[in-house]
Participant: 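To start, I am sharing the structure in question, which I have written as structure tokens.
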Amino acid sequence: MGFEFTNSSLKDAQVVILGIPFDRTSSYMGGCRFAPQFIRIGGENIEAYSPYFNEHITKYAIHDAGDVLLDYSTVKQTFNQIRRKIRKYLQAKKKLLILGGEHTITIPIIQEFLRFYPNLYIIQLDAHSDTRDTFLGEKFCHATVIKRISEMVSTERIIQLGLRSLTVSPQNPNQFLFTVLEPIYKIKDIIKESPCYLTLDIDVIDCGLFPAVQTPVPGGIDYKELFNAIYEFRKINIVGCDLVEYSPLVMPNLNYASVAAEITRELLLLLCHKLSL
């Protein structure tokens with residue numbers, strides 16, 4: 001089952017959806033490897049028109065490439081596999097929306113994006129800072145994502161929004177607690193026209209509103225703030241996105257699949273908006 005609005009061939013597509021169903025290092029509640037398929041099912045319940053962008057998504061050429069069949073033998077081999085797949089689409093000059101999967105997938109994604117966009121900024125929407133050096137003996141896991149990325153790019157090029165679960169107190173001025181929308185007006189002046197990758201951990205939403213996540217944290221943002229923030233990102237040069245950490249096994253109610261699908265629609269329109277300027 002796929003999204004009704006993904007009616008383009010890969011050759012003609014402007015934007016490609018790619019599922020990466022990886023949750024090998026999930027430490028609290030797993031199951032987010034099933035998220036890409038659940039989001040596609042949730043897509044059966046959403047409209048093609050976005051009241052936020054005031055656009056119909058069907059006007060754009062979008063291709064659903066399905067899910068990567070991952071090699072789980074080692075994390076290194078899995079990362080290599082993800083990088084090869086991402087490289088294929090970037091070489092073809094496609095915009096990418098990646099559906100995870102746990103947040104660990106963002107590490108090899110960023111490694112590959114940096115080959116094509118060496119001055120890349122990373123914007124993270126998340127409840128967690130993900131800055132541990134290791135967690136449960138793992139250097140590459142959902143709790144170390146930003147730490148590993150900070151070894152590829154300077155911390156000044158990593159902007160974290162909505163944080164409320166941190167190992168230590170904020171370490172740089174680009175870490176913003178509790179809110180997502182307000183800091184966007186500040187970071188636009190920092191990023192200017194530089195390319196930017198957006199990684200959206202769905203637990204940035206308050207867990208009372210969206211409990212279907214791996215590691216829930218109270219005190220998050222509401223849906224309106226998230227959708228308004230995505231709309232504001234149209235003023236930033238977003239070159240790729242991922243949506244991670246939705247765990248349908250925690251809450252198999254398809255209401256949450258529908259919400260994740262609506263977020264997917266808005267992220268697609270964000271990428272398409274950049275192409276239409």
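Hydrogens, waters and symmetry mates are skipped; everything else that's a heavy atom, side chains included, is used.
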Participant: Apply side chain to side chain contact (heavy atoms under 4.5 Å, CB included) to the pair L226 and L125, showing each step before the final yes or no.
Facilitator: CA-CA 9 Å; L226 176 61; L125 275 60; 3.8 Å; yes
Participant: Could you check whether any side-chain heavy atom of V153 comes within less than 4.5 Å of a side-chain heavy atom of Y121, counting everything from C-beta outward?
Facilitator: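 Sidechains of Y121 and V153: no contact.
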Participant: So, K94 and D12, do they make that salt bridge, N to O below 4.0 Å?
Facilitator: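 No, K94 and D12 are not salt-bridged.
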Participant: Give the cluster check for L163 versus I146: same hydrophobic cluster or not, with ILVMFWY residues linked at side-chain heavy-atom distances below 4.5 Å.
Facilitator: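 L163 does not cluster with I146.
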Participant: Given 3.5 Å as the limit, does a donor-acceptor pair link the side chain of H142 with the main chain of T104, or not?
Facilitator: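 Checking the backbone N and O of T104 against the side chain of H142, no donor-acceptor pair under 3.5 Å is found.
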Participant: Heavy atoms, side chains only, cut-off 4.5 Å: are I46 and F5 in contact?
Facilitator: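 Touching, per the 4.5 Å side-chain cut-off.
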Participant: Could you tell me whether the side chains of E262 and Y223 share a donor-acceptor contact shorter than 3.5 Å?
Facilitator: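 Their side chains do not contain a donor-acceptor pair, so the 3.5 Å distance test is not met.
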Participant: For a quick check under 3.5 Å, do Q160 and S129 share a side-chain donor-acceptor pair by atom type?
Facilitator: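 Q160 vs S129: no donor-acceptor pair found between side chains.
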Participant: Got T215 and D203 here, is their nearest side-chain heavy-atom distance under 4.5 Å?
Facilitator: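 When only atoms from C-beta onward are counted, D203 and T215 do touch, with a gap below 4.5 Å.
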Participant: With the side chain counted from C-beta on, respond yes when D64 and R40 share a heavy-atom pair under 4.5 Å apart, and no when they do not.
Facilitator: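 D64 reaches R40 side chain to side chain.
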Participant: Could you tell me whether the side chain of I86 reaches within less than 4.5 Å of the side chain of L18, counting heavy atoms only?
Facilitator: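 Contact flag for L18/I86 side chains = yes.
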Participant: For the side chain of Q37 and the backbone of A35, is there at least one donor-acceptor N/O pair under 3.5 Å apart?
Facilitator: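 No, because the side chain of Q37 does not come within donor-acceptor range (under 3.5 Å) of the backbone of A35.
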Participant: Can you tell me how far the CZ atom of F22 sits from the CZ atom of F79, to the nearest 0.5 Å?
Facilitator: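 If we round to the nearest 0.5 Å, F22:CZ and F79:CZ are 6.0 Å apart.
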Participant: Rounded to the nearest 0.5 Å, what separation is found between the CG atom of L114 and the CD1 atom of I122?
Facilitator: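 Answer for the CG-CD1 pair, L114 versus I122, is 6.0 Å.
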Participant: Verify, without hydrogens or angle tests, whether T144 (side chain) and K139 (backbone) share a donor-acceptor contact under 3.5 angstrom.
Facilitator: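 The answer is yes, because a donor-acceptor pair under 3.5 Å joins these two groups.
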Participant: Is there a donor-acceptor contact under 3.5 Å linking the side chains of D130 and H103?
Facilitator: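 Distance-only check passes for D130 and H103.
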Participant: Is V213 reachable from L209 through a run of I, L, V, M, F, W or Y residues, each pair having side-chain heavy atoms under 4.5 Å apart?
Facilitator: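 They do share one cluster, since a chain of ILVMFWY contacts under 4.5 Å joins L209 to V213.
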Participant: Nearest 0.5 Å, what's the SG-NZ distance between C241 and K95?
Facilitator: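 Going from SG on C241 over to NZ on K95, the span is 9.0 Å.
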Participant: When rounded to the nearest 0.5 angstrom, what distance separates CG in D242 from CD1 in I110?
Facilitator: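 Between D242 CG and I110 CD1, I get 7.5 Å after rounding to 0.5 Å.
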Participant: Taking L161 as the starting point, is it possible to reach L166 by hopping between hydrophobic residues whose side chains are less than 4.5 Å apart?
Facilitator: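 No, no single cluster joins them.
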Participant: Between R157 (side chain only) and S150 (backbone N and O only), is there a donor and an acceptor less than 3.5 Å apart?
Facilitator: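 Side chain of R157 to backbone of S150: no pair is present.
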Participant: Could you grab the distance from atom CG of L198 to atom CG of L97, nearest 0.5 Å is fine?
Facilitator: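 So the gap between those two atoms works out to 9.5 Å.
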Participant: Hey, mind stepping through I98 and I82 against side chain to side chain contact (heavy atoms under 4.5 Å, CB included) and telling me if it holds?
Facilitator: CA-CA 11 Å; I98 296 125; I82 292 171; over 6 Å; no
Participant: What do you reckon, is CD of Q171 surrounded by more than 12 foreign heavy atoms closer than 6.0 Å?
Facilitator: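 Enclosed.
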Participant: Distance-only check: which donor-acceptor pairs under 3.5 Å involve side-chain atoms of residues 176-196, not counting sequence neighbours?
Facilitator:
{"unit_1": "T179", "atom_1": "OG1", "unit_2": "E225", "atom_2": "OE2", "d": "3.0"}
{"unit_1": "K192", "atom_1": "NZ", "unit_2": "D189", "atom_2": "O", "d": "3.1"}
{"unit_1": "S194", "atom_1": "OG", "unit_2": "I191", "atom_2": "O", "d": "3.2"}

Participant: Does any non-hydrogen side-chain atom of E151 lie less than 4.5 Å from one of D133?
Facilitator: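 Yes; the side chains approach each other to less than 4.5 Å.
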Participant: Begin from the C-alpha positions of I158 and N174 and carry the test side chain to side chain contact (heavy atoms under 4.5 Å, CB included) through to its verdict.
Facilitator: CA-CA 7 Å; I158 301 171; N174 288 340; over 6 Å; no
Participant: Can you name the closest pair of heavy atoms from A13 and H63 and give their distance?
Facilitator: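 Scanning both residues, the minimum pair turns out to be CB-CB, 3.5 Å.
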Participant: Quick check: closest heavy atoms across S50 and L269, and the distance to 0.1 Å?
Facilitator: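 So the minimum-distance heavy-atom pair works out to CB-CD1, 3.3 Å.
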Participant: Got V75 and C141 here, is their nearest side-chain heavy-atom distance under 4.5 Å?
Facilitator: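 Sidechains of C141 and V75: no contact.
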Participant: Are I123 and L270 connected in a single hydrophobic cluster, I mean Ile/Leu/Val/Met/Phe/Trp/Tyr linked by side-chain heavy atoms less than 4.5 Å apart?
Facilitator: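 Yes, it is one cluster - the side chains of L270 and I123 are joined through contacts under 4.5 Å.
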Participant: Let me check something: do I17 and F38 share a hydrophobic cluster, defined by ILVMFWY side-chain heavy atoms less than 4.5 Å apart, either directly or through other members?
Facilitator: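 Looking at the clustering, F38 is in the same group as I17.
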Participant: For Y49 and R265, which heavy atoms make the closest approach, and how far apart are they?
Facilitator: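 In this case the closest contact between Y49 and R265 is O-NH1, 3.2 Å.
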Participant: Does R234 reach the main-chain N or O of H273 with its side chain, forming a donor-acceptor pair under 3.5 Å?
Facilitator: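 Absent.
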Participant: Got a sec: does the CD of E47 have more than 12 other heavy atoms crowding it under 6.0 Å?
Facilitator: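 Count not over threshold, so no.
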Participant: Could you list the cluster mates of L69? Members are the ILVMFWY residues connected by side-chain heavy atoms closer than 4.5 Å, either directly or through other members.
Facilitator: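 Reading the cluster by chain and number, L69 sits alone, since nothing else belongs.
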Participant: Could you go through Y231 and Y52, starting from their C-alpha distance and side-chain angles, then the distance that decides it, and tell me whether this counts as ring-ring contact (aromatic ring centres under 6.0 Å, His included)?
Facilitator: CA-CA 7 Å; Y231 182 69; Y52 305 96; 8.3 Å; no
Participant: Ignoring hydrogens, what is the shortest heavy-atom contact between A261 and G43? Give both atom names and the distance.
Facilitator: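 Looks like CB-N, 3.4 Å.
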Participant: Does any non-hydrogen side-chain atom of V244 lie less than 4.5 Å from one of C32?
Facilitator: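 They are not in contact (no side-chain heavy atoms under 4.5 Å apart), so the answer is no.
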Participant: Is there a side chain to side chain contact (heavy atoms under 4.5 Å, CB included) between K147 and R132? Walk through the geometry before answering.
Facilitator: CA-CA 6 Å; K147 177 65 174 178; R132 295 174 183 259; over 6 Å; no
Participant: Test: ring-ring contact (aromatic ring centres under 6.0 Å, His included). Region: residues 186-213. Which pairs qualify, not counting sequence neighbours?
Facilitator: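 Listed by first then second residue: F113-Y197, F210-Y246, F210-Y256.
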Participant: For residues T106 and V145, report the shortest heavy-atom separation together with the two atoms involved.
Facilitator: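 Residues T106 and V145, closest heavy atoms: CB-CG1, 4.1 Å.
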Participant: Write down the atom of P216, the atom of C207, and the distance for their closest heavy-atom approach.
Facilitator: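 For P216 and C207, the tightest heavy-atom pair comes out as CB-CB, 3.7 Å.
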Participant: To the nearest 0.5 Å, tell me how far N255 CG sits from N45 CG.
Facilitator: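 Rounded to the nearest 0.5 Å, the CG-CG separation comes out at 8.0 Å.
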Participant: Between R87 (side chain) and E112 (backbone), is there a donor-acceptor pair under 3.5 Å?
Facilitator: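 Side chain of R87 to backbone of E112, a donor-acceptor pair under 3.5 Å: no, none is there.
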